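Just the heavy atoms: all of them, side chains too, but no hydrogens, waters or symmetry mates, feed the values below. Only a predicted model underlies this, so the values are computations on that prediction, with no experimental measurement involved.
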Amino acid sequence: RGVCQRRRAHGKERSQLEREALGFREGGTGMFASGWNQTVPTEEAGSMAALLLLPLLLLLPLLLLKLHLWPQLRWLPADLAFALRALRCKRALRARALAAAAADPESPEGGCSLAWRLAELARQRPAHTFLIHGSRRFSYSEAERESNRAARAFLRALGWDGGPGGSDSGAGSAGEGERAAPGAGDAAAGSGAGLAGGNGAARGGGAAALLAPGATVALLLPAGPEFLWLWFGLAKAGLRTAFVPTALRRGPLLHCLRSCGARALVLAPEFLESLEPDLPALRGMGLHLWAAGPGTHPAGISDLLAEVSAEVDGPVPGYLSSPQSITDTCLYIFTSGTTGLPKAARISHLKILQCQGFYQLCGVHQEDVIYLALPLYHMSGSLLGVVGCLGIGATVVLKSKFSAGQFWEDCQQHRVTVFQYIGELCRYLVNQPLSKAEHGHKVRLAVGSGLRPDTWERFVRRFGPLQVLETYGLTEGNVATINYTGQQGAVGRASWLYKHIFPFSLIRYDVTIGEPIRDPRGHCVATSPGEPGLLVAPVSQQSPFLGYAGGPELAQGKLLKDVFRPGDVFFNTGDLLVCDDQGFLRFHDRTGDTFRWKGENVATTEVAEVFEALDFLQEVNVYGVTVPGHEGRAGMAALVLRPPHSLDLMQLYTHVSENLPPYARPRFLRLQESLATTETFKQQKVRMAEEGFDPSTLSDPLYVLDQAAGTYLPLTPTRYSALLAGDLRI
């Protein structure tokens with residue numbers, strides 16, 4: 001017995017994985033999960049399907065006329081083109097999975113989806129640049145070797161010694177082995193299951209193993225090459241990785257580590273000073289602590305990179321990382337925690353595979369250069385940005401921190417063609433002074449999410465010609481949308497073709513009780529065009545919801561039952577979207593952000609868009625606050641001025657009264673130097689709402705709406721007292 005027990009009985013495991021790869025019958029999550037089994041398996045079946053489809057396409061205009069769907073007809077070519085691209089993408093990913101399932105377990109191509117894709121690229125494009133970080137460049141061959149070193153360092157911590165040749169010297173068949181015991185708060189073991197059952201002794205060394213097979217190792221690191229090599233190495237070693245947001249300290253940090261059942265923590269040396277008060281608690285949790293770099297480290301913290309550099313860079317056997325099931329958890333990504341402590345969303349091997357197709361769906365090619373300045377501890381940076389780049393074999397320019405002033409110079413220097421954004425980054429760019437570097441660039445495509453319509457228009461007008469491809473998705477979700485037409489302000493399409501491949505629905509939602517509206521039979525009701533609705537997606541073997549590490553109560557409210565028929569289950573995104581008469585989806589609001597005032601629903605995003613049309617405002621955050629003696633919540637807007645402008649209260653009131661109904665006009669204003677945001681630039685609405693509007697506790701200038709005077713007036717302690725006494729009407 002020992003950590004190499006996985007060596008044989010691969011026949012059973014391989015056949016299971018191959019069956020999963022052939023049909024993905026155990027399901028998956030995200031963009032590629034639903035509809036996977038609809039891929040045509042043979043050329044003959046494809047030709048037959050094309051012949052059957054042709055009459056339907058000829059009859060389609062008549063059908064659309066009968067169904068009053070003519071406004072959507074103009075987008076049919078784009079819908080068909082994207083559907084074909086999605087099916088080709090699914091077919092390509094399925095072929096990769098089949099090849100991995102049939103590969104020699106001893107070879108790196110027989111490992112998990114990250115392992116075999118890296119090995120494949122190192123073989124196919126060894127000299128092509130994969131990563132640019134500052135002045136450092138790494139080819140795909142170098143990325144493979146660096147991650148092999150990291151994998152060997154982690155395997156040594158498991159008690160494995162594969163020898164200089166890259167394979168286990170003298171490890172014999174020891175049976176199928178047990179599953180790795182789940183970590184605290186983790187009911188499902190991840191990859192590396194076949195390594196379990198050992199006594200933890202290293203081969204020939206006799207030293208106690210630092211980690212158990214299938215354990216979770218947390219990374220607390222900035223975006224950089226070392227983050228990637230350690231992540232890839234952990235995957236190759238069959239260990240789970242947890243991406244910890246770099247700003248977390250004290251209670252939130254300990255909570256995250258406990259919730260994912262971490263057994264080790266790799267931290268950046270520059271974080272040690274701020275983490276010093278947490279070190280006793282971290283040691284008390286039994287965590288093994290590594291620093292990712294040299295320096296004077298506290299007792300018990302060793303330099304992991306020194307250990308990695310001492311290892312050979314030969315490939316490690318694929319069976320070390322090959323999962324028992326493609327839906328096993330291999331990674332934890334924490335939610336942003338805008339409404340509470342972060343939750344560890346489970347990421348499966350299948351989702352990693354599916355994210356390899358992201359840029360292919362977006363029309364990005366292997367010769368493109370992608371600019372990535374998003375945190376790697378969130379899905380947009382790691383899974384969509386890095387894994388998406390691996391999927392097409394392109395080049396990624398990775399920035400540890402986004403700099404609006406440096407952006408266009410970077411694009412010029414590295415000949416960037418694709419920019420992955422979140423909406424706030426685009427707003428930072430359009431608020432920058434004009435520069436020579438913003439002209440003559442080669443950026444042709446901006447891909448991301450959260451871009452508001454006003455910023456979208458300014459971004460394209462100033463920096464175009466370029467295409468903006470807005471997307472929508474959730475880390476833990478089983479549904480995603482892509483605005484492949486480039487229609488300004490939309491996050492995707494709700495065409496019947498798209499919904500056939502990636503099914504979802506919009507249902508009516510009552511914001512007062514926080515529940516979907518149901519008919520007399522107890523079923524949910526689909527929305528009409530132009531009506532805000534809750535976005536939900538069916539949960540099935542093809543598109544499951546994997547949930548979070550920890551107790552089932554963490555997923556409470558995420559699943560809805562009996563939505564359209566008895567027994568069905570849908571994933572609740574918690575987001576309200578609107579589908580217009582042309583089939584375009586537009587983000588409306590978060591269910592928790594929409595509030596009621598004067599018996600009406602107020603969408604914070606719609607109010608913010610009205611405010612942002614004023615040239616003297618740079619940032620706006622709209623939320624609802626509780627007012628004693630009043631039902632519902634009154635609107636409040638936190639404002640940041642655009643230099644060198646000043647606040648014009650009369651113009652603001654006139655603009656608001658002309659563009660918003662009375663119930664939607666914010667009753668309070670709060671002037672700030674900058675808005676409070678999360679690490680991924682999401683606005684902190686919950687915290688702002690809790691802080692309220694009491695001038696005695698807030699140092700920011702506050703204003704209250706005086707409808708009789710037709711303006712906003714300073715909210716003084718006297719006016720505040722009058723408001724509480726009911727003498728000042730709002």
A.B. asks: Taking all non-hydrogen atoms of both residues, which atom of F502 and which atom of A86 are closest, and how far apart?
C.D. replies: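 Minimum heavy-atom separation between F502 and A86: CZ-CB, 4.0 Å.
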
A.B. asks: To the nearest 0.5 Å, what is the distance between OG1 (T246) and OH (Y377)?
C.D. replies: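 The OH atom of Y377 is 4.0 Å from OG1 of T246, to the nearest 0.5 Å.
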
A.B. asks: If you round to the nearest 0.5 Å, how far is CD of Q420 from OG of S380?
C.D. replies: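 Separation between the atoms: 6.0 Å.
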
A.B. asks: Answer yes or no: is there a donor N or O on one side and an acceptor on the other, between the side chain of D581 and the main chain of P529, under 3.5 Å?
C.D. replies: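 Not a single qualifying donor-acceptor pair exists.
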
A.B. asks: Keeping S528 on the side-chain end and E531 on the backbone end, is there a donor-acceptor pair under 3.5 Å?
C.D. replies: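 No.
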
A.B. asks: So T395 and L131, do their side chains get closer than 4.5 Å, heavy atoms only?
C.D. replies: no

A.B. asks: S543 side chain to P538 main-chain N or O, any donor-acceptor pair under 3.5 Å?
C.D. replies: yes

A.B. asks: Locate the shortest heavy-atom distance separating Y359 from C389; write the atom from each residue and the value.
C.D. replies: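 Shortest heavy-atom contact: CD1-N, 3.5 Å.
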
A.B. asks: Working to the nearest 0.5 angstrom, can you tell me the gap between Q366 CD and L121 CG?
C.D. replies: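 If we round to the nearest 0.5 Å, Q366:CD and L121:CG are 9.0 Å apart.
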
A.B. asks: Taking all non-hydrogen atoms of both residues, which atom of P532 and which atom of T527 are closest, and how far apart?
C.D. replies: O-CG2, 3.6 Å

A.B. asks: Let me confirm one number: the CZ-CG distance from F571 to L560, rounded to the nearest 0.5 Å.
C.D. replies: 9.5 Å

A.B. asks: Below 4.5 Å, heavy atoms only, C-beta onward: do I392 and V364 meet side chain to side chain?
C.D. replies: yes

A.B. asks: Mind listing the closest non-hydrogen atom pair of L374 and G381 along with its distance?
C.D. replies: CB-CA, 4.2 Å

A.B. asks: Could you label the plane-to-plane angle of the F564 and F570 rings as parallel, tilted or perpendicular, counting under 30° as parallel and over 60° as perpendicular?
C.D. replies: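 Taking F570 first and then F564, their aromatic rings stand perpendicular (interplane angle over 60°).
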
A.B. asks: Tell me if a side-chain donor or acceptor on Q683 pairs with a main-chain N or O of V620 at a distance below 3.5 Å.
C.D. replies: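 Checked: pair present.
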
A.B. asks: Between R493 and D79, does the salt bridge (Lys or Arg N to Asp or Glu O under 4.0 Å) criterion hold? Intermediate values first, please.
C.D. replies: CA-CA 8 Å; R493 294 274 296 150; D79 293 336; 2.9 Å; yes

A.B. asks: Would E619 and R427 pass as an ion pair if we require N to O under 4.0 Å?
C.D. replies: yes

A.B. asks: For a 4.5 angstrom cut-off between non-hydrogen side-chain atoms, does R96 reach Q356?
C.D. replies: yes

A.B. asks: Quick check for you: to the nearest 0.5 Å, what is the distance between I132 atom CD1 and Q413 atom CD?
C.D. replies: 8.5 Å

A.B. asks: How about F243 and Y332: are their ring centroids closer than 6.0 Å?
C.D. replies: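 No, the ring of F243 stays outside the 6.0 Å limit from the ring of Y332, centre to centre.
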
A.B. asks: Start with the C-alpha distance between L384 and M379, add both sets of side-chain angles, then the distance that settles side chain to side chain contact (heavy atoms under 4.5 Å, CB included), and finish with yes or no.
C.D. replies: CA-CA 6 Å; L384 301 185; M379 178 180 175; 4.1 Å; yes

A.B. asks: Examine distances only and state if a side-chain atom of H441 and a backbone atom of V443 form a donor-acceptor pair shorter than 3.5 Å.
C.D. replies: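 Yes.
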
A.B. asks: Is there a side-chain contact between V397 and H414 (heavy atoms, below 4.5 Å)?
C.D. replies: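 V397 vs H414: side chains touch.
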
A.B. asks: May I ask you to decide if V491's main-chain N or O and R586's side chain share a donor-acceptor pair within less than 3.5 Å?
C.D. replies: no

A.B. asks: Do you know which two heavy atoms are closest between H133 and A223, and how far apart they sit?
C.D. replies: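 For H133 and A223, the tightest heavy-atom pair comes out as NE2-O, 3.6 Å.
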
A.B. asks: Going through the checks in order, is the side chain to side chain contact (heavy atoms under 4.5 Å, CB included) test met by Q487 and Y484?
C.D. replies: CA-CA 8 Å; Q487 180 79 353; Y484 46 83; over 6 Å; no

A.B. asks: Are I347 and T475 close enough that some pair of their side-chain heavy atoms sits under 4.5 Å apart?
C.D. replies: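 Yes - at least one pair of side-chain heavy atoms lies under 4.5 Å apart.
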
A.B. asks: Verify whether one side chain among T417 and D368 offers a donor that lies under 3.5 Å from an acceptor in the other.
C.D. replies: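 Side chains of T417 and D368: pair found under 3.5 Å.
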
A.B. asks: Please verify the inter-ring angle class for W75 with F584; under 30° counts as parallel, over 60° as perpendicular, anything in between as tilted.
C.D. replies: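 Rings of W75 and F584: perpendicular, as their planes differ by over 60°.
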
A.B. asks: I need the full list of salt bridge (Lys or Arg N to Asp or Glu O under 4.0 Å) pairs touching residues 380-399, with sequence neighbours left out, sorted by first then second residue.
C.D. replies: K399-D410

A.B. asks: Kindly check if the number of other-residue, nucleotide or ligand heavy atoms within 6.0 Å of CZ (R462) is above 12?
C.D. replies: yes

A.B. asks: Can you tell which of N483, D575, T481 makes a side-chain hydrogen bond (donor to acceptor under 3.5 Å, both in side chains) with Y472?
C.D. replies: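 That would be D575.
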
A.B. asks: Using atom types as modelled and distance alone, determine if a side-chain donor or acceptor of K343 lies under 3.5 Å from a backbone N or O of L554.
C.D. replies: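 Side chain of K343 to backbone of L554, a donor-acceptor pair under 3.5 Å: yes, one is there.
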
A.B. asks: Does the pair R452/E609 count as a salt bridge with the N-to-O cut at 4.0 Å?
C.D. replies: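 Between E609 and R452 there is no salt bridge, as every charged N stays at least 4.0 Å from the carboxylate O atoms.
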
A.B. asks: So, do L535 and L576 sit near enough that their side-chain heavy atoms are less than 4.5 Å apart?
C.D. replies: no

A.B. asks: Output yes when a side-chain donor or acceptor of S348 lies under 3.5 Å from a complementary backbone atom of T327, and no otherwise.
C.D. replies: no

A.B. asks: What orientation do F402 and F407 show, parallel under 30°, tilted 30 to 60°, or perpendicular over 60°?
C.D. replies: tilted

A.B. asks: Do the non-hydrogen side-chain atoms of W456 and E470 ever get within less than 4.5 Å of each other?
C.D. replies: yes

A.B. asks: Where is the tightest heavy-atom contact between K558 and T573, given as atom of each residue plus distance?
C.D. replies: NZ-O, 4.2 Å

A.B. asks: Before you tell me yes or no, could you show the steps for L559 and N572 under side chain to side chain contact (heavy atoms under 4.5 Å, CB included), namely the whole-Å CA-CA distance, both residues' side-chain angles and the distance that decides it to 0.1 Å?
C.D. replies: CA-CA 6 Å; L559 295 179; N572 174 10; over 6 Å; no

A.B. asks: Is a side-chain N or O of N431 found less than 3.5 angstrom from the main chain of Y428, in a donor-acceptor match?
C.D. replies: no

A.B. asks: Go through it in stages, so that I can follow the logic: the residues are L469 and L445, the test is side chain to side chain contact (heavy atoms under 4.5 Å, CB included), and I'd like the CA-CA distance, side-chain angles, deciding distance and then a yes or no.
C.D. replies: CA-CA 7 Å; L469 208 159; L445 179 65; 4.0 Å; yes

A.B. asks: Could you check whether K685 makes a cation-pi contact with Y623, meaning its NZ or CZ is under 6.0 Å from the centre of the six-membered ring and within 45° of the ring axis?
C.D. replies: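 Judged by the rule, K685 and Y623 form no cation-pi pair.
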
A.B. asks: Which class fits the ring pair F419 and Y421: parallel under 30°, tilted 30 to 60°, perpendicular over 60°?
C.D. replies: tilted

A.B. asks: Is there a donor-acceptor contact under 3.5 Å from the side chain of Q412 to the main chain of A437?
C.D. replies: yes

A.B. asks: Hey, could you give me the CG/OH distance between D589 and Y509, rounded to the nearest 0.5 Å?
C.D. replies: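 That separation rounds to 11.0 Å.
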
A.B. asks: With a 4.5 Å cut-off on side-chain heavy atoms, are Y548 and R346 touching?
C.D. replies: no

